[in-house]
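Please read the structure below before turning to the comments.
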Amino acid sequence: MLGLRTRVEEVTPAAAYAKLSLPKLSYNGVLCNLYRNGNDSVGLHSDAEPELGPVIASVSLGAERLFRLKRPNGAVAFAERLPHGSVLIMGGATQKNFKHEVPKEPHITQAH
């Protein structure tokens with residue numbers, strides 16, 4: 001996990017912190033979710049807990065899955081299929097202004 005954290009920190013742009021007027025920081029924790037197949041999902045939520053830090057990095061491993069950011073009115077602001085090995089950085093006011101999800105995709109049979 002420490003090696004993965006180092007690699008994610010290397011690809012996290014300083015700009016993710018600059019808009020917060022902060023120097024680039026190390027990530028302080030890891031949350032792992034296993035989606036056994038497309039029937040597993042995570043509903044709309046934000047990672048706005050202070051202990052998670054100001055910037056969240058999401059690493060996708062396994063089957064490609066849809067990741068969506070939604071505005072408070074429910075409109076989709078961003079939707080992208082995240083392939084194995086991809087890194088998604090959420091910084092700035094993302095956690096305050098949006099919620100994100102990995103929806104059910106019953107046709108997916110592999111783990112993510």
* Asked: In chain order, what residues pass the ring pair (Phe, Tyr, Trp, His ring centres under 6.0 Å) check against Phe67, with sequence neighbours excluded?
  -> His100
* Verify the cluster assignment for Leu31 and Leu82: are they in a single hydrophobic cluster under the rule of side-chain heavy atoms below 4.5 Å apart? => yes
* Asked: Below 4.5 Å, heavy atoms only, C-beta onward: do Thr94 and Phe78 meet side chain to side chain?
  -> no
* **Nearest-0.5 Å distance that lies between atom CD in Gln95 and atom CG in Leu52** => 8.0 Å
* To do: Would you name the heavy atoms of Ala79 and Val76 that are closest together and state the gap between them?
  => CB-CG1, 3.9 Å
* About how many Å separate CG of Leu61 and CG of Asn33, when rounded to the nearest 0.5 Å? -> 11.5 Å
* Determine whether Tyr27 and Thr12 make a side-chain contact, defined as any pair of heavy atoms from C-beta on separated by less than 4.5 Å. => yes
* **Pair Met1-Cys32, side chain to side chain contact (heavy atoms under 4.5 Å, CB included): steps then yes or no** => CA-CA 11 Å; Met1 294 305 292; Cys32 296; 4.1 Å; yes
* Kindly say whether Glu9 contributes a backbone atom to a donor-acceptor pair with the side chain of Lys24 at under 3.5 angstrom? => yes
* Check the hydrophobic clustering (I, L, V, M, F, W, Y; side-chain heavy atoms under 4.5 Å; chains of links allowed) and say if Val8 and Leu22 are grouped together. => yes
* Taking all atoms of both residues into account, what is the closest heavy-atom pair of Leu25 and Tyr17, and its distance? -> O-OH, 3.3 Å
* Structure fact -> Applied to residues 48-62, the side chain to side chain donor-acceptor pair (under 3.5 Å) test, sequence neighbours excluded, yields none
* **Pairwise side-chain contact, Glu105 with Arg81, heavy-atom cut-off 4.5 Å (strictly under)** => yes
* Check for a donor-acceptor pair, side chain of Lys104 on one end and backbone N or O of Asn39 on the other, with a separation under 3.5 Å. => yes
* **Closest non-hydrogen atom pair between Ala63 and His112, with its separation** => O-ND1, 2.6 Å
* **Main-chain N/O of Gly43 paired to His45 side chain as donor or acceptor, under 3.5 Å** => yes
* Between the side chain of His84 and the main-chain N/O of Gly62, is any donor-acceptor distance below 3.5 Å? -> yes
* Can you name the nearest heavy-atom pair linking Pro103 to Ser41, along with the distance? -> C-CB, 3.7 Å
* To do: Consider only side-chain heavy atoms of I, L, V, M, F, W and Y, link residues closer than 4.5 Å, and tell whether Leu2 and Val87 are in one cluster.
  => no
* Counting only N and O atoms by type, is there a donor-acceptor contact under 3.5 Å from the side chain of Arg68 to the main-chain atoms of Lys99? -> no
* State plainly whether one hydrophobic cluster holds both Ile89 and Leu20, where clusters connect Ile, Leu, Val, Met, Phe, Trp and Tyr through side-chain heavy atoms under 4.5 angstrom apart. => yes
* Group every Ile, Leu, Val, Met, Phe, Trp and Tyr by side-chain heavy-atom contacts under 4.5 Å, then state whether Leu88 and Val55 land in the same group. => no
* Mark yes or no for whether Arg5, through its side chain, and Asn28, through its backbone, hold a donor-acceptor pair below 3.5 Å. => no
* To do: Write down the atom of Leu69, the atom of Met90, and the distance for their closest heavy-atom approach.
  => CD2-SD, 4.4 Å
